[in-house]
Amino acid sequence: MQVLITKRPRGTEDILPGEVEVWQFIEKTARDLCREYGYGEIRTPVFEHTELFHRGVGDTTDIVEKEMYDFEDKGGRSITLRPEGTAPVVRAYLENKLYTKSQPVKLYYIGPMFRYGRPQAGRLRQFHQFGIEVFGSKDPAVDAEVISLAANFYKRLGIKSFDVQINSIGCSACRPLLKEKLHEYLYSYQKDLCKTCLGRLDRNPLRIFDCKSQVCQKIMASAPKPLDFLCQECREHFDKVRNYLDVLEVTYSVNPRLVRGLDYYTNTAFEFFAEGIGAQNSIGGGGRYDNLVETCGGPPTPGIGFGLGLERTLLSMKRQKVEIPLDKTPDIFVAVPGGENNDLMVKEAVRILALLRKKGFSADKDYMQRSLKAQMKYADKKGFKYAVIIGQEEIDRGFVLLRNMESGEQREVPTAEIASKIKMLIEGEKING
RNA sequence: GUGGAUGUAGCUCAGCUGGUUAGAGCACCAGAUUGUGGCUCUGGGGGUCGUGGGUUCGAGUCCCAUCAUCCACCCCA
């Protein structure tokens, strides 16, 4: 059991230097985009009262039924590590009375989510989502904005191949009729449905559209579709969303079988797909939730948002071999030969190192008592652009040696001019490519 | 929660039907006449063979359990 302290919990990941830069790139892309679109960041706790998710996500969802990371705290409260971002943001919207501010309220978040299940490709117990929520507006142009923001996110990350699918699942006025017709239709095929769908028949017949079983697919092919039962208002809303998407030049397809897993969705539903995530191919999704705020005890407030899986985004970037423009190589390594007067030289090295860093260079020195040769080898492996070599001879004459690690070219530079000299060289390189 | 595969050095793996001090490549460290990298050569450190039981004179090699990883299902991001 002792070994547990050297092992991360199942379904979690360490993100190390080398990999973390990609995460920073993804996060920066999201933040830049949100700033451009006028979304403000919100940071909510990673845990909430369990009840929030029962109410907000829905008791019949798998997330709540079997995937929640819940526990009792020392005060006897039932606490849950958030499995998704929308319910907490709705809670914060209400608790902070954001409905009293000018509407719409446009928010975004980036952070870890938790779901208890067996890990596999593209599925972890702690994973990360980038999400946005818009409160207070029913304007179909908002639906289109939300969808296009997500599409632009993927595009800007360099993911060339992904699909946008949209659908409308109606509102509280027209959905009951759909459910009734669907129910009626499915009852005649009751004995042919797969086991899981049989269970869904009464609880959530819409989900049967999602089933991968051949038989169910065949049955659903001619089942009543949500789009056929939309009320006038929903129909118009959906048409306008599509028009705006065309204006925004977002390529999408309508998938009449697209239904989302969470209970709170109404009207517009959408999902993003890409290859290379194992058996999973959904990299994000969202939709409108015009009743959720009220359900959670707030004033009637329409809302819409998405949640995008960052691990899955990353996987599809890797799959599509996206090149990320990152300059990770450090600038200057300060090397010191061993031998007599080493103390003196090291002091000078420490002084120059501090100076270079103050000037904004990424600079380092040896801390392993390595020979000069080993220091050079280290500098090479780490990809330093320049080496500054400080020896007794040079100190005496007020010079240091400046070596270009790529070309091997080496020259003497007066110690006082070292920073400006390197700056000139590095900037010159950038200009010359 | 269900099913399948796997678990030997930091990494990728070898180790025949159980038998002396468990190997290779890469990585790491050091040296090749003593102030300098990228090639080459030489040497070195490092392994409770996932863990715990069992069978056996003897197990990395067989059996059981357990944990973990990977993959798939359910479902989702």
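Below, chains carry the letters A, B, ... as their sequence lines are ordered, and counting in each starts from 1.
- Asp163(A) places no side-chain N or O within 3.5 Å of a backbone atom of Ala274(A) that could act as its donor or acceptor partner.
- Atom CG in Asp14(A) sits about 16 Å away from atom P in G10(B), given to the nearest Å.
- A gap of 26 Å separates the P atoms of A65(B) and A72(B), to the nearest Å.
- Here Ala379(A) lies out of heavy-atom contact (under 4.0 Å) with every strand.
- Rounded to whole Å, the P atom of G31(B) lies 35 Å from the corresponding atom of A14(B).
- The partner of U36(B) is absent, by the rule that a Watson-Crick or G-U pair needs both atom distances under 3.5 Å.
- Note: OH (Tyr109(A)) to C1' (A77(B)) measures 10 Å, nearest angstrom.
- Residue contacts shown for Glu393(A) include a base, since a base heavy atom lies under 4.0 Å away.
- To the nearest whole angstrom, the two P atoms, one in G44(B) and one in G7(B), are 30 Å apart.
- On the P atoms, U8(B) is 13 Å away from G15(B), given to the nearest whole Å.
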Completion exercise
Counting primed atoms, P, OP1 and OP2 as sugar-phosphate and everything else as base, the B/S/- map of nucleotides 37-47 of chain B against protein heavy atoms under 4.0 Å is BB---------

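- Comment: Lys385(A) does not engage Glu427(A) in a salt bridge, judged by the lack of any side-chain N to carboxylate O separation of less than 4.0 angstrom.
- Between the CD atom of Gln120(A) and the P atom of A77(B) there is a distance of 14 Å, rounded to whole Å.
- Nucleotides U20(B) and A30(B) are separated by 36 Å at their P atoms, to the nearest Å.
- Electrostatic pairing of Glu311(A) and Arg123(A) does not count as a salt bridge here, judged by no charged N lying under 4.0 Å from a carboxylate O.
- Within the shown strands, A30(B) is the pairing partner of U42(B) under the Watson-Crick or G-U definition, both distances less than 3.5 Å.
- Remark: Glu48(A) engages Arg91(A) in a salt bridge, criterion side-chain N to carboxylate O under 4.0 Å.
- Here the C1' atom of nucleotide U36(B) and the NZ atom of Lys365(A) are 16 Å apart, to the nearest Å.
- Using a 4.0 Å cut-off between charged nitrogen and carboxylate oxygen, Asp364(A) and Arg357(A) count as a salt-bridge pair.
- Under the Watson-Crick and G-U wobble criteria, each requiring two contacts below 3.5 Å, nucleotide A24(B) is paired to U12(B).
- If you check every strand for non-hydrogen atoms under 4.0 Å, Arg370(A) touches sugar and phosphate atoms only.
- Leu124(A) comes within contact range of at least one nucleobase, with a heavy-atom separation under 4.0 Å.
- Here U69(B) presents its C1' atom at 12 Å from CZ of Arg125(A), a figure rounded to the nearest Å.
- The backbone N or O of Phe47(A) lies less than 3.5 Å from no partner atom in the side chain of Arg82(A), so there is not a single donor-acceptor pair.
- If you check every strand for non-hydrogen atoms under 4.0 Å, Gln410(A) touches a base.
- Residue contacts for Gly11(A): at a heavy-atom cut-off of 4.0 Å it reaches the sugar-phosphate backbone alone, with no base atom in range.
- A gap of 23 Å separates the P atoms of U69(B) and C64(B), to the nearest Å.
- Rounded to a whole angstrom, the distance from the P atom of U66(B) to that of A27(B) is 41 Å.
- Closest-nucleotide positions on RNA chain B for Ala374(A) and Ile63(A) were compared, and the one nearer the 5' end corresponds to Ala374(A).
- Under the Watson-Crick or G-U wobble criterion, with both distances below 3.5 Å, A68(B) is paired with U6(B).
- Salt-bridge check for Glu13(A) with Arg8(A): failed, with every basic side-chain N at 4.0 Å or more from each acidic carboxylate O.
- Contact annotation for Glu394(A): base contact, defined as any heavy-atom pair under 4.0 Å involving a base atom.
- For the C1' atoms, the distance from C74(B) to C62(B) is 36 Å, rounded to whole Å.
- The existence of a salt bridge linking Lys321(A) and Glu323(A) is excluded, since no basic side-chain nitrogen approaches an acidic carboxylate oxygen closer than 4.0 Å.
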Collect all protein-nucleotide pairs involving nucleotides 1-7 of chain B in which both atoms are nitrogen or oxygen and the distance is under 3.5 Å.
{"residue": "U2(B)", "atom": "O4", "partner": "Arg118(A)", "partner atom": "NH1", "Å": "3.0"}
{"residue": "G3(B)", "atom": "O6", "partner": "Arg118(A)", "partner atom": "NH1", "Å": "3.2"}

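- In this structure C62(B) sits in a base pair with G54(B), meeting the Watson-Crick or G-U test at under 3.5 Å.
- At a threshold of 4.0 angstrom between heavy atoms, the contacts of Leu401(A) include nucleobase atoms, whether or not backbone atoms are also involved.
- Between Lys28(A) and Asp32(A) a salt bridge is recorded (basic side-chain N to carboxylate O distance below 4.0 Å).
- Evaluation of the ring pair (Phe, Tyr, Trp, His ring centres under 6.0 Å) rule for Phe270(A) yields Phe272(A) as partners, not counting sequence neighbours.
- Between the side chain of Tyr108(A) and the backbone N or O of Leu33(A) there is no donor-acceptor pair closer than 3.5 Å.
- One interatomic measurement links the two molecules: CD of Glu412(A) to C1' of U36(B), which rounds to 14 Å at whole-angstrom precision.
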